[in-house]
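Contents: one structure, followed by commentary.
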Number of protein chains: 2
Amino acid sequence: MEAIAKPQTGLCITHILPIRDALDILSGKWKIPIIVALCVHKRRFKELHRDVTGITAKMLSKELKELEMNKLVKRTVHDTSPVTVEYSITEYGHSLGPVINELRDWGLKHRDKIIYHPEEA
Amino acid sequence: MEAIAKPQTGLCITHILPIRDALDILSGKWKIPIIVALCVHKRRFKELHRDVTGITAKMLSKELKELEMNKLVKRTVHDTSPVTVEYSITEYGHSLGPVINELRDWGLKHRDKIIYHPEEA
DNA sequence: GATACCAGTATACAACCGTAAACCAGTATC
DNA sequence: GATACTGGTTTACGGTTGTATACTGGTATC
């Protein structure tokens, strides 16, 4: 790369990099649906598997691990028999609320636009 | 990739589906960086290729087509020689502003958290 | 003993995302 | 003629994402 900083370097640091950070954590088909489901109330693995429509056990397991690593979701093992595992959203996970709300608002508006004005520029 | 996801019930319709719609359109490594770059000012292909650090021509071409299909970006061909092509953000593209701002805010806060409180729950 | 539920794993596979590099036509400059 | 600019496309390839199916071990129920 170049030794001399490009003019948009400032733009990158303050505008693009944090967005990439956020997208890295939230990307993929399932993470946000899982978070939304857990925001309503905590759930066990099989309950999540049923409630997050279409996800496979492998993906659910993988996504939950990543969300736990990022401190967005908490995994609690209860010493019952058989063992039950409970997933809940952390306080930090709740900090995603505004992001999720904006995404949802935009998605709803977009859906309206697609349905009612499909050909409009 | 479907423009509109399958019909479902309750929580899904009002909360999860619109988020999926939004993510379908914005997903991937490059779309939001491209939109952010174009928000600053319109650019030609090669300029974008230089300014969106790391993207390949193939991906840039592909992403621009998808963004154009979704009316977020406008492609204008100028009858110069050689032909110049100009990409600009549409008014509809600007409607993503709040989403991008929230993502950026959260990404900045997350970065702070990772840097200053890496072990905290 | 047979079945079912719990929380996942294991394996195999397909599709998509993304990279690297070469290549195209047309115009202009050296 | 050689090179470089314009805006891309083509080919080849690897890595990740995501799906499908089967399976584990322990407990409880029928």
Side-chain angles (χ1 to χ4, degrees), chain A residues 1 16-17 19-35 37-38 42-70 73-88, chain B residues 1-3 5-6 8 16-17 19-35 37-38 41-70 73-88:
Chain A
M1 295 305 288
I16 295 183
L17 282 186
I19 289 169
R20 284 211 186 154
D21 291 341
L23 288 178
D24 279 349
I25 288 169
L26 302 176
S27 67
K29 193 171 175 178
W30 302 112
K31 291 202 186 66
I32 291 191
I34 291 169
I35 290 171
L38 288 178
K42 58 191 177 185
R43 281 176 173 82
R44 287 177 306 169
F45 187 86
K46 285 287 180 185
E47 292 176 317
L48 268 175
H49 191 190
R50 278 189 295 264
D51 294 348
V52 179
T53 317
I55 197 170
T56 59
K58 178 189 166 187
M59 287 308 298
L60 180 55
S61 174
K62 185 191 151 215
E63 301 288 64
L64 283 170
K65 274 177 196 158
E66 292 181 23
L67 291 172
E68 200 194 346
M69 272 174 35
N70 286 313
V73 162
K74 186 178 165 198
R75 182 179 185 269
T76 311
V77 180
H78 293 284
D79 195 17
T80 55
S81 64
V83 165
T84 54
V85 181
E86 197 177 72
Y87 293 92
S88 55
Chain B
M1 173 166 64
E2 303 172 65
K6 290 183 290 184
Q8 290 169 4
I16 295 183
L17 281 187
I19 289 169
R20 282 211 188 154
D21 292 341
L23 288 177
D24 279 349
I25 289 169
L26 301 177
S27 67
K29 193 171 173 179
W30 300 113
K31 290 203 186 65
I32 293 192
I34 291 170
I35 290 171
L38 288 178
H41 57 77
K42 59 191 177 186
R43 281 176 173 82
R44 288 177 306 172
F45 187 87
K46 287 287 182 184
E47 291 176 319
L48 267 176
H49 191 191
R50 279 188 295 262
D51 292 349
V52 179
T53 316
I55 198 171
T56 61
K58 178 188 167 186
M59 287 308 297
L60 181 55
S61 174
K62 185 191 150 214
E63 301 287 65
L64 284 170
K65 272 177 197 158
E66 292 181 22
L67 291 172
E68 199 194 348
M69 272 174 36
N70 286 313
V73 161
K74 188 179 166 199
R75 183 178 186 271
T76 312
V77 180
H78 294 284
D79 194 17
T80 55
S81 63
V83 165
T84 55
V85 181
E86 197 177 75
Y87 294 92
S88 55

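Proteins get letters first, then strands, A, B, ... in listed order; numbering begins at 1 in each.
Atom CD1 of Ile34(A) is separated from atom P of dG8(C) by 13 Å (rounded to the nearest Å). Between the OH atom of Tyr87(B) and the C1' atom of dG7(D) there is a distance of 7 Å, rounded to whole Å. For Ile32(A) and dT17(D), the CD1 to P distance is 15 Å, given to the nearest whole Å. Following rounding to the nearest Å, Arg44(B) (CZ) and dG8(D) (C1') show an atom-to-atom distance of 14 Å.
Using a 4.5 Å cut-off on side-chain heavy atoms (C-beta onward), Val85(A) and Phe45(A) make no contact.
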Could you list all N or O pairs between the protein and nucleotides 20-29 of chain D that sit under 3.5 Å apart?
unit_1: dA28(D); atom_1: OP1; unit_2: Ser81(A); atom_2: OG; d: 3.1

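In this structure, of dG8(C), dT19(C), dG18(D), it is dT19(C) that holds the atom nearest to the side chain of Trp30(B). Of the candidate nucleotides dA7(C), dG18(D), dG8(D), dA7(C) has the atom lying nearest to any side-chain atom of Val85(A). Proximity note for Ser61(A) (side chain, C-beta onward) versus dT9(C), dC17(C), dT17(D): the nearest is dT9(C). Nearest nucleotide to the side chain of Thr84(B), out of dT19(C), dG18(D), dG7(D): dG7(D).
Checked against side-chain contact (heavy atoms from CB on, under 4.5 Å), Glu68(A) has the following partners two or more places apart in sequence or in another chain: Arg75(A). Evaluation of the side-chain contact (heavy atoms from CB on, under 4.5 Å) rule for Lys62(A) yields Met59(A), Glu66(A) as partners, not counting sequence neighbours.
For the pair Gly28(B) and Glu47(A), both in contact range of DNA chain C, the more 5′-proximal nearest nucleotide belongs to Glu47(A).
When the side-chain nitrogen and oxygen atoms of Lys65(A) are compared with OP1 and OP2 of dT9(C), one or more of them lie within a distance under 4.0 Å. In terms of phosphate contacts, Lys46(B) brings no side-chain nitrogen or oxygen within less than 4.0 Å of OP1 or OP2 of dG8(D).
Just one residue in the list Lys42(B), Arg43(B), His41(B) forms a side chain to side chain contact (heavy atoms under 4.5 Å, CB included) with Ser88(B), and that residue is Lys42(B).
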